[in-house]
Structure formats: C-alpha cells, structure tokens
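Have a look at the structure below before the remarks.
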Amino acid sequence: MAHIKDHLSSSPAQGGATVANPLILYDIKSQLSPGMGWSPNVWKTRFVLNYKQIPYKTVWISLPDIEPTLKSLGFHPSSISGTGKEYFTLPVISDPSPNPGGEPTLVVDSQIIAEYLDSKYPQRPLFPEGTKALQAMFLTWVRTNLLLPVIPLVAPQMTEILDGPDAEYYIRTREKMLGRKLTEMGVGEERATSLSALEKELATLDAYISRNGEGDFLMGTTPSYADIL
C-alpha cells in the first residue's frame, strides 16, 4: 500500500478513481444535513475533487473516532510533535489503484492531497508550472493574516453543529490547544477587533488581486489552489 505524506514518487503514475470505484474522502461528522461538510481543511480537498471532477465518495467519522479509525486503516499521522506525540487529522483520502487488484494510495494533509491530486489527475490543473513555491508562500500568508482573526469568531460556534460526544471532544481539545475557554472567545471588544482585523486583511488581498487588471483569481483569469485556500 502506497502512503503519501510528503512526496509523490512512491505512488502510481496516475490515479484510479472511477464512478464504479471512486476515491474515498474522509470527513468529520456533524449534525448538519447528510452530505454537508463543515471543516475548512476538509473543504479544501472537497473543492479540489469537485473542481477536477474526480469521482469520490465521503466516509464520515466522529471527532473522537478519527485517530483510532485512521490507525486501523493504515494512515500515517499528519504530524508528530517534538515530544513524539502523533496527531491524526482530516482530511485524508484513499485513492484506488489504476491497476486491477492494486492497493490504494493513502494521502494525508490538505496541501499534500491537493498536490497529489493535481499530479495524478492533471485535468483542470490547480498548480500551474512553477507556482508551487508561490502558492505555499500564499498559504503561509493566509494562516498568518486571515486565520488568526477568524479563529475567535468561528471556533466557539462549531459546538452548535456537533452532537454530545463530538461537542465535548471538540471543546476539550480546542480549549487545550488555544489555552482559553471557547465561551470567552469572540465576544465584546475581541469580536470587534477580530472583525476589523479580518476586514483589513481582506481589503489588502483584494488590492493585490486588483493589480492583475482582469480576472477574479489570484493569478488573474487562471484558477489555482490558492483561490481555494
């Protein structure tokens, strides 16, 4: 079984997803309508699959079940801390082999998944030649400038779409990660400050894109993975 974590060299030359044997996308279960995702990171992969028109199906996993489920399926951790703790997160995909009887390719991390899919399913490319470095830099900009003001606005609201065990798991793990009570985030002055910071950064991004002269994409009239971020 090929497993892609940080390179593509060990995988088959092309993907094998078909309508009869679709790729599998693992997403986070919620109380939303069936088939409706909510995780921004998983949506990055879903957008890529939809844009490139790759046949796929979704398998939904409850938050507390992500780690044991991915381990049982043979997925590697998406990251390992300096103390050796393994982290298993979504999205992950299982791409069927193009060879009859072949093992699927397992891929973790939304950025790596996007590059993998663009390599194995080259139709409607999202990484034009020579743009991977620039798009990686843009991802860093998004995380630094857009994500930080969004977190206190969005993180507390996620508990409203999760059921009991999932909501408890989400609150416990996110409060530990953020070092704060979710109920104290995104209210009062912090909400106003976060909204103002987000509006400023979005205006900056709009000004950058406007310099292209035409087109609504970061690369003008050419869609790329950066537009999905």
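Predicted, not measured: the structure shown is a model, and the values here were computed from it.
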**Asked** Take atom CG in N50; do more than 12 heavy atoms of anything else shown fall under 6.0 Å from it?
**Response** yes

**Prompt:** Checking T159 side chain against P156 main chain: does a donor-acceptor pair fall under 3.5 Å?
**Reply:** yes

**Request:** Look up atom CG in N145 and atom OG1 in T204, then write down how far apart they are to the nearest 0.5 Å.
**Result:** 8.0 Å

**Request:** Write down the atom of G15, the atom of P98, and the distance for their closest heavy-atom approach.
**Result:** O-CB, 4.0 Å

**Nearest heavy-atom neighbours spanning V187 and E184** = CG2-O, 3.7 Å

**Close side-chain approach of L106 to L73, heavy-atom, < 4.5 Å** = no

**Prompt:** Does F217 offer a backbone N or O that forms a donor-acceptor pair with the side chain of T221 under 3.5 Å?
**Reply:** no

**Message:** If you define the side chain from C-beta out and look only at heavy atoms, does anything of L63 sit under 4.5 Å from T173?
**Reply:** no

**Prompt:** Ignoring hydrogens and geometry, is there a side-chain-to-backbone donor-acceptor pair from W43 to G37 under 3.5 Å?
**Reply:** yes

**Message:** Using only atom types and a distance under 3.5 Å, with no angle test, would you say the side chain of R124 pairs donor to acceptor with the backbone of Y51?
**Reply:** yes

**Item:** pair V48-L126: side-chain heavy atoms closer than 4.5 Å
**Value:** yes

**Request:** Would you give the length of the straight line joining atom CD of E201 to atom OG1 of T144, rounded to the nearest 0.5 angstrom?
**Result:** 9.5 Å

**Prompt:** Is the backbone N or O of N99 less than 3.5 Å from a side-chain atom of S97, with the two atoms forming a donor-acceptor pair by type?
**Reply:** yes

**Fill in**
On a heavy-atom basis, the closest approach of N212 and G220 is ND2-N, 3.2 Å

**Message:** Using a 3.5 Å distance criterion without hydrogens, assess whether the side chain of D27 forms a donor-acceptor pair with backbone atoms of T58.
**Reply:** no

**Prompt:** So, the side chain of S210 versus the backbone of D206: is there a donor-acceptor pair under 3.5 Å, distance only?
**Reply:** yes

**Prompt:** With E190, which residues qualify under side chain to side chain donor-acceptor pair (under 3.5 Å), at least two apart?
**Reply:** R180

**Request:** Calculate, to the nearest 0.5 Å, the distance between atoms OG and CG belonging to S62 and D166 respectively.
**Result:** 4.5 Å

**Prompt:** Tell me, do V107 and I112 make a side-chain contact under 4.5 Å, heavy atoms counted?
**Reply:** yes

**Prompt:** Hey, are the side chains of T105 and S94 touching, using non-hydrogen atoms and a 4.5 Å cut-off?
**Reply:** no

**Asked** Between P55 and A17, what is the shortest heavy-atom contact and its length?
**Response** O-CB, 3.6 Å

**Request:** Could you grab the distance from atom CZ of R174 to atom CG of L182, nearest 0.5 Å is fine?
**Result:** 9.0 Å

**Same apolar cluster (I L V M F W Y, side chains within < 4.5 Å links), M177/V150** = no

**Message:** Are the side chains of I209 and L218 in contact, using a 4.5 Å heavy-atom criterion?
**Reply:** yes

**Item:** Backbone N/O of S224 and side chain of D227: donor-acceptor pair under 3.5 Å
**Value:** yes

**Request:** Using modelled atom types only, decide if a donor and an acceptor are shared between the side chain of Q135 and the backbone of Y225 within a distance under 3.5 Å.
**Result:** yes

**Item:** hydrophobic_cluster_shared for L148 and L153, side chain cutoff 4.5 Å
**Value:** no

**Prompt:** What are the two closest non-hydrogen atoms of L162 and Q31, and how far apart are they?
**Reply:** O-NE2, 2.8 Å

**Candidate pair F88 and T69, rule side-chain contact (heavy atoms from CB on, under 4.5 Å), full reasoning** = CA-CA 9 Å; F88 290 82; T69 299; over 6 Å; no

**Item:** Approximate separation, where rounding is to 0.5 Å, of I28 CD1 and D65 CG
**Value:** 12.0 Å

**Item:** Pair D95, Y121: side-chain N/O donor-acceptor within cut-off below 3.5 Å
**Value:** yes

**Request:** Locate the shortest heavy-atom distance separating P91 from V42; write the atom from each residue and the value.
**Result:** N-CG2, 3.8 Å

**Request:** Report whether M219 and L229 are members of the same hydrophobic cluster (ILVMFWY, side-chain heavy atoms less than 4.5 Å apart, transitive linking).
**Result:** no

**Message:** Quick check against the 3.5 Å criterion: does Q123 have a side-chain atom that pairs as donor or acceptor with the backbone of K52?
**Reply:** yes

**Asked** Any side-chain heavy atom of I24 sitting closer than 4.5 Å to one from I93?
**Response** no

**Request:** Nearest 0.5 Å please: distance from the CD1 atom of I151 over to the CG atom of L198.
**Result:** 12.0 Å

**Prompt:** Is there side-chain contact between T222 and P128, with at least one heavy-atom pair below 4.5 Å?
**Reply:** yes

**Single-linkage hydrophobic cluster, 4.5 Å side-chain cutoff, I161 and W60 together** = no

**Asked** Are L90 and Y87 linked, directly or through other ILVMFWY residues, by side chains that come within less than 4.5 angstrom of each other?
**Response** no

**Item:** Pairs touching residues 131-186 that satisfy ring pair (Phe, Tyr, Trp, His ring centres under 6.0 Å), sequence neighbours left out
**Value:** F138-W141

